[in-house]
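Below is one structure, written out as structure tokens, with a few remarks after it.
Order of the sequence lines fixes the chain letters, A, B, ..., with proteins taken first and strands second; residue numbering starts at 1 for each chain.
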Amino acid sequence: MSEERSLNFLEEIVEGDLSTGKHTSIHTRFPPEPNGYLHIGHAKSICLNFGLADKYGGKTNLRFDDTNPVTEETEYVESIKQDVRWLGFDWEEEHFASDYFDQIYAFAINLIQKGLAYVDDMSAEEIAANKGTPTEAGKESPARNRSIEDNMTLFTAMKDGKYNDGEKVLRAKIDMASPNMHMRDPIMYRIKKTSHHRTGDKWCIYPMYDFAHGQSDSIENITHSICTLEFEVHKPLYNWYIEQLGIFASHQFEFARLNLTYTVMSKRKLLQLVQEKLVDGWDDPRMPTISGLRRRGYTSASIRNFCDRIGVQRRENIIDVGLLEFFIREDLNKIASRRMVVMDPIRLIITNYPENQTEILRSENNPEEENNGGYRELPFGRELWIEAEDFQETPHKKWFRLAPEQKVRLKSAYIVTCTGFKKDENGKVTEVYCEYIPESKSGQDSSGIHVKGTIHWVSCEHACDAEVRLYDRLFNVENPSDEEGDFKTYINPTSLQIITQAKTEPVLLEAQPENHFQFIRKGYFCIDSKYSTPEKLVFNRTVTLKDTWAKESNR
RNA sequence: UGCCCGAUAGUAUAAUGGUAGUACGACAGAUUUUGGUUCUGUUUGUCUUGGUUCGAAUCCAGGUCGGGCAACCA
């Protein structure tokens, strides 16, 4: 089934480690900080970590990197778990860095007793000032040569809450002249008298990322600790702690994070959009979050396929958001039920069709499926809603929809010939008149007439009203973070268009939140899980159909 | 101006010293009761300069360009 693919660099590393016997099995982990919602960039990491373990018969843990109580919340923990599951992955073990606080504390004591850590009393500003610059060595703190006994006493006092935030820190004694800034006596522990979402007020000192992450990996026997490129400079420190502590040697490997055109991906920026109410929450369908994509109508399979296709490398990249759209169209084309919905309705009156007559026609659910995915019933009558844009008074040269005297097929119904139209006082066409050809009925057409155009329609008498939300990219520049000034000035003002009076065929009343639809000739849609009610349906457009006519007509 | 990383069509991604291939996009055509889908074809690329070699996208050296690093964030 699966095509033959060459190995990515992480797979090569894993295969190497397995074949040399360095490891007999592999263990990865996905380590989000619960301070925001997961986005498509995390999906790449999730697919990587779970995919790698799965491919080589290993295991993957879910671990929450919750070492900073100021930013973390249980709400985020729950959403992260839901999103990982929705993406189709199940973790081996669930952990929290906070579960290891006792052990990490013991690691700190261990380093103090080896003379490799000391309590510093300088302020944050002083420490920064003494750190030097990338081209200049830092200065050693006067506290650096405190005795082990003093350090023990002071660190215990820190833990016991004898000091306020910022008064003391525990630092590793490494090298203030290192060319790697992270090795210049990095901070291991800081005081934060803040309640933690899991440990409450048990602790008032919390380990820094660097003094928690590698140790957590080690405790869980993670063999391959995969993270993004910006952590590359942390690796020497990651290794230093593990070495000095003499614990299981996990190894860190870095890959380039995902960037998408017309999208921002940093949690900080996404949080801003949410807090400043520029979007409707983390799950706004325009957000690149997993929950946003889900609400928009993306399938988890399409996201997995996307992540698989973009691969993994160590070079910076920005991927065309069109590729994501390709994968969702590919998936939805196979599974979405076809329905007819008119978004900008005008009346089409079939003058030679009997008044008060209704016919029940049938139409295939999905021509891509076996047996057309079954059929649904479609009421047809003398007056129909059609799209205003499907009629042109003076047609474009390659136009093959409705125009005076032109013929068109009404999808799954009859061929009609346009005989006239009516305009209102503003010159807008409000009604189009036509005559139908009784012998041209869909499925039993004996008319011998072939038309180029087919349009969708909904019976006026049977139509249901619905709200339809059309989404476009959130930003109108390719790389908002690259532009001058505030990224928010590049928000696309028309990224959400709400159509309140769309006309739908009656079977859509049965639509369920998990259903995917193709509104014929319009795009893929789903029920909005947040605002749709049985009384008032609200649909989200997942993505448009490819539209070669739009290109042609714009020439 | 220190350290680290990277550079293959428009965007991604292969080729692991031996024919630069694939996907998306773009363009053209065929099919089509969705201007959708499907099918066919076309198009565009190894950052640069040297070196090693019978042979270099691949190895080496210099350059150029891009990214990261100076939070008591992760």
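A61(B) and C4(B) have their P atoms separated by 13 Å, with the value rounded to a whole Å. Taking the C1' atoms as reference points, G18(B) lies 7 Å from G55(B), given to the whole Å. Comparing the C1' positions of C27(B) and U43(B) gives an interatomic distance of 7 Å, to the nearest angstrom. Nucleotides A57(B) and U19(B) are separated by 14 Å at their C1' atoms, to the nearest Å. Spacing of P atoms, A20(B) relative to U37(B), comes out at 33 Å, to the nearest Å.
Remark: Arg339(A) is not positioned above the aromatic ring of Phe517(A), lacking an NZ or CZ atom under 6.0 angstrom from the ring centre and at most 45 degrees off the axis.
Between Thr548(A) and G36(B), a side-chain N or O to OP1/OP2 separation shorter than 4.0 Å is present. Applying the 4.0 Å criterion to OP1 and OP2 of G25(B), one finds that Lys546(A) has a side-chain N or O inside that range. In terms of phosphate contacts, Arg521(A) brings a side-chain nitrogen or oxygen within less than 4.0 Å of OP1 or OP2 of G35(B). Neither OP1 nor OP2 of U8(B) sits under 4.0 Å from any side-chain N or O of Gln313(A). Close to A7(B), at under 4.0 Å from its OP1 or OP2, lies a side-chain N or O of Arg315(A).
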- Contact letters for nucleotides 67-74 of chain B, in which S counts primed atoms plus P, OP1 and OP2 and B counts the base, heavy atoms under 4.0 Å: SBSB-BSB
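For His251(A), the side chain to side chain contact (heavy atoms under 4.5 Å, CB included) criterion is met by Lys22(A), Ala249(A), Phe253(A), not counting sequence neighbours.
For an aromatic pair to be called close, the ring centres must be under 6.0 Å apart, and Tyr206(A) with Phe101(A) satisfies this. Checked against the 6.0 Å centroid threshold, Phe231(A) and Tyr238(A) do not count as a close aromatic pair.
Between the side chain of Arg338(A) and the base of U34(B) there is at least one donor-acceptor pair of N/O atoms closer than 3.5 Å. Between the side chain of Gln518(A) and the base of U34(B), a donor-acceptor pair under 3.5 Å is found.
Using a distance-only test at 3.5 Å, with no hydrogens or angles considered, no donor-acceptor pair links the side chain of Arg473(A) to the main chain of Glu478(A).
When Lys407(A), Glu439(A), Arg409(A) are each tested for a side chain to side chain contact (heavy atoms under 4.5 Å, CB included) with Ile449(A), only one passes: Lys407(A).
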